[in-house]
There are 4 protein chains.
Amino acid sequence: MKLDHTAKGVYAIAATPFHPDGRLDTVSVDRLTDFYLECGVTGLTILGIMGEAPKLEPEESLAITRQVVGRAGVPIIVGVSAPGFAAMRSLARGVMDLGAAGVMIAPPPSLRTDDQIIGYYAHAVEAIGDDIPFVIQDYPLTLTVVMTPGVIQKIVNNHRSCVMLKHEDWPGLEKISKLRAAHKAGEMRDISILCGNGGLFLDFELERGADGAMTGYAFPDMLADVVRLQQKGRRDEAHDLFDAHLPLVRYEQQQGVGLAVRKYVLQKRGAIASDAQRKPASAISDKARAEVDYLLSRLARYDKRAAF
Amino acid sequence: MKLDHTAKGVYAIAATPFHPDGRLDTVSVDRLTDFYLECGVTGLTILGIMGEAPKLEPEESLAITRQVVGRAGVPIIVGVSAPGFAAMRSLARGVMDLGAAGVMIAPPPSLRTDDQIIGYYAHAVEAIGDDIPFVIQDYPLTLTVVMTPGVIQKIVNNHRSCVMLKHEDWPGLEKISKLRAAHKAGEMRDISILCGNGGLFLDFELERGADGAMTGYAFPDMLADVVRLQQKGRRDEAHDLFDAHLPLVRYEQQQGVGLAVRKYVLQKRGAIASDAQRKPASAISDKARAEVDYLLSRLARYDKRAAF
Amino acid sequence: MKLDHTAKGVYAIAATPFHPDGRLDTVSVDRLTDFYLECGVTGLTILGIMGEAPKLEPEESLAITRQVVGRAGVPIIVGVSAPGFAAMRSLARGVMDLGAAGVMIAPPPSLRTDDQIIGYYAHAVEAIGDDIPFVIQDYPLTLTVVMTPGVIQKIVNNHRSCVMLKHEDWPGLEKISKLRAAHKAGEMRDISILCGNGGLFLDFELERGADGAMTGYAFPDMLADVVRLQQKGRRDEAHDLFDAHLPLVRYEQQQGVGLAVRKYVLQKRGAIASDAQRKPASAISDKARAEVDYLLSRLARYDKRAAF
Amino acid sequence: MKLDHTAKGVYAIAATPFHPDGRLDTVSVDRLTDFYLECGVTGLTILGIMGEAPKLEPEESLAITRQVVGRAGVPIIVGVSAPGFAAMRSLARGVMDLGAAGVMIAPPPSLRTDDQIIGYYAHAVEAIGDDIPFVIQDYPLTLTVVMTPGVIQKIVNNHRSCVMLKHEDWPGLEKISKLRAAHKAGEMRDISILCGNGGLFLDFELERGADGAMTGYAFPDMLADVVRLQQKGRRDEAHDLFDAHLPLVRYEQQQGVGLAVRKYVLQKRGAIASDAQRKPASAISDKARAEVDYLLSRLARYDKRAAF
């Protein structure tokens, strides 16, 4: 079950559950995996930035991969970004042996020019091997690396194993239109485009040609519904549902505190036993918790899944 | 009518109207000023980033200031950020002579350490004189300068002429709480806090202690309503109105294309004759225009001001 | 006397002399201009970063240009980098009317992708007009903008008015070789390449194909000698002279304090009356002054011009 | 043999020797270790940026540590910078168990404010334990993190296990003076200060109060001689020797290509069998190789160790 360019729907960026004392909560790993599946996701992405990957020991990373792959029954993408290609290759080969569907690679923040970015992905493919399907993570807000549509086009055309773009440029609607136009004009192989940024623009991203979402919003069921409604051409309904969630989507997408909000909501939904983060953790203040509760109570008027 | 720390309500970041051929549209300057006043703003901020200030000749900057000050009858804040203190002083002294209420100063992107930021504002105050009330613009997303609450506290305490914070850190809710707590603890003079970032978090910013908004969202009347409702303790109504606008607020707040969206809506509302930007301009695509129209039509179901 | 691609030799980056109280020292402007000419420069660059340009009022910038152009009798390049194209155009047209030979344009620090950089220079040329010869300033260390040889090639080929590269990438030797190879292969028009970075690699830059130096080292006579010796094929002598100066070249090229060192030495050499900088100024400590004196005394064993 | 604040002399930043096919060259690891000892170093730093650490598998990192510790008989500092604290702790505990004297920690490039930097080191110490002596790496040019003397002072005072500063701020002479003054004023515990940046300012850094060098220049014997001469008060001799090497020091200190130059010279000196880097490698061009040969031949007139 290898990842290819036909992937669509929702790939949830999975949180990593911890006990309050910092140990991995393996019972919650199963519970959370089941939760995502019940929400209707078509895949999962683990060990990403929001999965607290850098806080994990290498053995823990492999153990989580084994557990999630074994339980999920949907394609699992594993984040393998690393400061060096040796660690990237080890992790990539290791998780593919465990049954992962593909890997996701973010560029290091030091890259600036088009050539540097294209060259980096060439080195990465040489390191992990050209038989592992990979996802480009295009996330300038956090990574400070800016990729033009032309750069993405070159990476895609240079490497058949590049099958997906995790699109979280901001703003990014025109970028989706340009990439889709490049494909139609025969200038780029087809790829799957799944959108991140907490889903903040998912309503229009789908209309621009994206195949779905890859993000960690604590209501992946809403994301899946919006994708389904748009696929069926029920545009207004899609926007109605999306807009009802937007105040919380926006709140959760705050850099730095977003993960604390997300885990808090996942815990309320029963998907994980504790909202603890492994250290160093971003805290959620009492005021923020009350704000999230208020947003949930308002959302519950429209979407019963937010009623607690 | 000098700016002081009691300022509250909505200071609209004013757009600068141009003819399609790039000339300043002075008729629309008056029309837009009147529009803002009818929207219920308590002040205006001109010559900011969104006012296309760097595209203006020095004489044009002064001419706009003269025209707006003469017509508005509310306090006018003028952006005087400049790569050098000579230009900053000239512009600051010039606009105060014309009747401006105060100036706004953004830190240059090269600043990194706390000491550098504090030192920069000390130099700026020395340059413009300590008799001109000024606003700190705290906008890391665009300026890449990160100010802790402690740094802001020091600038405020060092300079009596510092009377306001334009708060557009992101995320920033906890920052407002910390600054208000510092004042309550007697560690910082009182200042006015007006929030930017397109208003994306205005609903909660007010609840955290902000005095209002300073941003350019094309419905300043909504911003004014939300501030008023919150002041009266009508929290749910404030959020209802805010949430109805949030899809458009979010759309307009996109870096780079936001100004094109804003001018497009202002033109639709009759506030300016043309949505032209002076070169180099960010364009709005046909698809984006259709998306904005769709958002407006959805908004109009709730707020008649969005019906065209 | 317009700048063209045949420019060679040494263009000194001119300091701007101030009185200790901050007023422009117009007597020293003449004295310094004469000093540079006696040193054997083939041109001068004024109003650059090291000329404290951002601290000058617009009228002062024009006054200095008028004075230097009137006295020098060699081509004068004027820095016109500005946050907006309106100010850039005003200054560029103004100084060309006063007899400047060309202008120098640095990219703003926010540019990242190849397309952004190429687009910026297109906008700049549209603003100032394609009849004004201009110099690309390629200075990633300070400006944080990284230009590949391919990007420079495109700018040169897009704009016939681009006649020179101020090369101060670091490291940059291979870049010179690549640009010269691109010209030989018929892929790029010929341009003049003058090197900055305080002259730290001038010895080899000339051997790689550079036409000379454009930098502000306080011994422009040394730079001129090295260029002349290299042109005559007296390689070892060129390196001997260069190496004798290298300890001071290195010391002067320190970011932030370099200008204070440079003005201190220029004052010792009698080229300016005071080493004062206009505020905000970088100071030279007593220890640093003693270190410079020590370096000069050591240099004087080899080069009598350093004996005081 | 744990590292403490009395460390002085030269800690060579050790290269990591590879075979041309990319395998670790363990024979050369011994040879290079012996070479450094013969050069008079007082310690070694391994697994730093210049040691190609990110290209190593975790087992290789431990194997190299074991081999070098076993052979050297001088204190070994190990670079443990990592994107996450889990990997940092694993490596730190692992290398200390193998007999390392201490670890070196660089801040991640995303840190901006004083509080963020101080907080990062607090988290790091919590992760690795407060019983492991550590070195702050202060290297803004590559890491983009700017630490004021006040920030360093706080980190030192917060953590008794902080025993050394690897000083490679640029410019940095005043910083050394300020840190030493803070110690004398009783405001900061004493620490060892060893200087990096390829040694480019070592001549004066020692005079400002530094205890020696920690850098990878291919003539560590020169660095050791300069430290010794300065300690004995033979200032002119120290500068004479330093200045003779400065053209090569400068050439080797070029970002990106420096390691290729360094390995090329180390190979010529017989310290390693091959100058190969593991991929992705920075190449040395034919022209650059000829330039280095020329610099060596010129240096050999003064220092016979450069004659081949």
Side-chain angles (χ1 to χ4, degrees), chain B residues 16 18 22-24 47-49 51-62 64 79-94 106 108-113 116 118-128 141-145 255-256 277-283, chain C residues 16 18 22-24 47-49 51-62 64 79-94 106 108-113 116 118-128 141-145 255-256 277-283:
Chain B
T16 303
F18 294 102
R23 281 175 306 120
L24 197 62
L47 305 187
I49 299 170
E52 302 175 65
K55 303 177 193 169
L56 299 173
E57 306 277 354
E59 320 84 74
E60 291 177 319
S61 297
L62 293 176
I64 292 171
V80 297
S81 306
F85 291 118
M88 185 188 292
R89 184 186 54 221
S90 295
L91 185 55
R93 307 300 315 180
S110 57
L111 303 182
R112 306 300 297 257
T113 69
Q116 287 171 342
I118 293 163
Y120 182 81
Y121 278 94
H123 283 302
V125 170
E126 189 182 347
I128 65 172
L141 194 61
T142 289
L143 302 169
T144 77
V145 177
Q255 300 268 326
Q277 294 173 44
R278 188 172 272 186
K279 290 188 196 175
S282 61
Chain C
T16 303
F18 294 102
R23 281 174 307 119
L24 197 62
L47 306 186
I49 298 170
E52 302 177 63
K55 303 176 192 168
L56 299 173
E57 305 277 355
E59 320 82 77
E60 290 177 321
S61 297
L62 293 176
I64 292 171
V80 296
S81 306
F85 291 117
M88 185 188 291
R89 184 186 53 222
S90 295
L91 185 55
R93 307 298 318 178
S110 58
L111 303 183
R112 307 300 298 259
T113 69
Q116 286 171 343
I118 294 164
Y120 181 81
Y121 278 95
H123 282 303
V125 170
E126 188 182 347
I128 65 171
L141 194 62
T142 289
L143 301 170
T144 77
V145 178
Q255 300 267 325
Q277 295 173 43
R278 187 172 274 185
K279 289 188 195 174
S282 61

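Sequence lines set the chain letters: A, B, ... in the order given, protein chains first and strands last, and positions in each chain run from 1. Everything numeric in this text was worked out from a predicted model, so none of it was measured.
- C:Pro109 does not touch chain B: none of its heavy atoms, backbone or side chain, sits under 4.5 Å away.
- By the side-chain contact (heavy atoms from CB on, under 4.5 Å) test, B:Ala124 is found to be paired with B:Phe85, B:Met88, B:Ile105, residues two or more places apart in sequence or in another chain being considered.
- For C:Glu126, the part sitting under 4.5 Å from any heavy atom of chain B is the side chain, from C-beta outward, and nothing else.
- Each of C:Pro83, C:Pro280, C:Gly84 has some count of heavy-atom pairs under 4.5 Å with chain B, and the biggest count is that of C:Pro280.
- Applying the salt bridge (charged side-chain N to carboxylate O under 4.0 Å, His left out) criterion to C:Arg278, with sequence neighbours excluded, gives C:Glu60.
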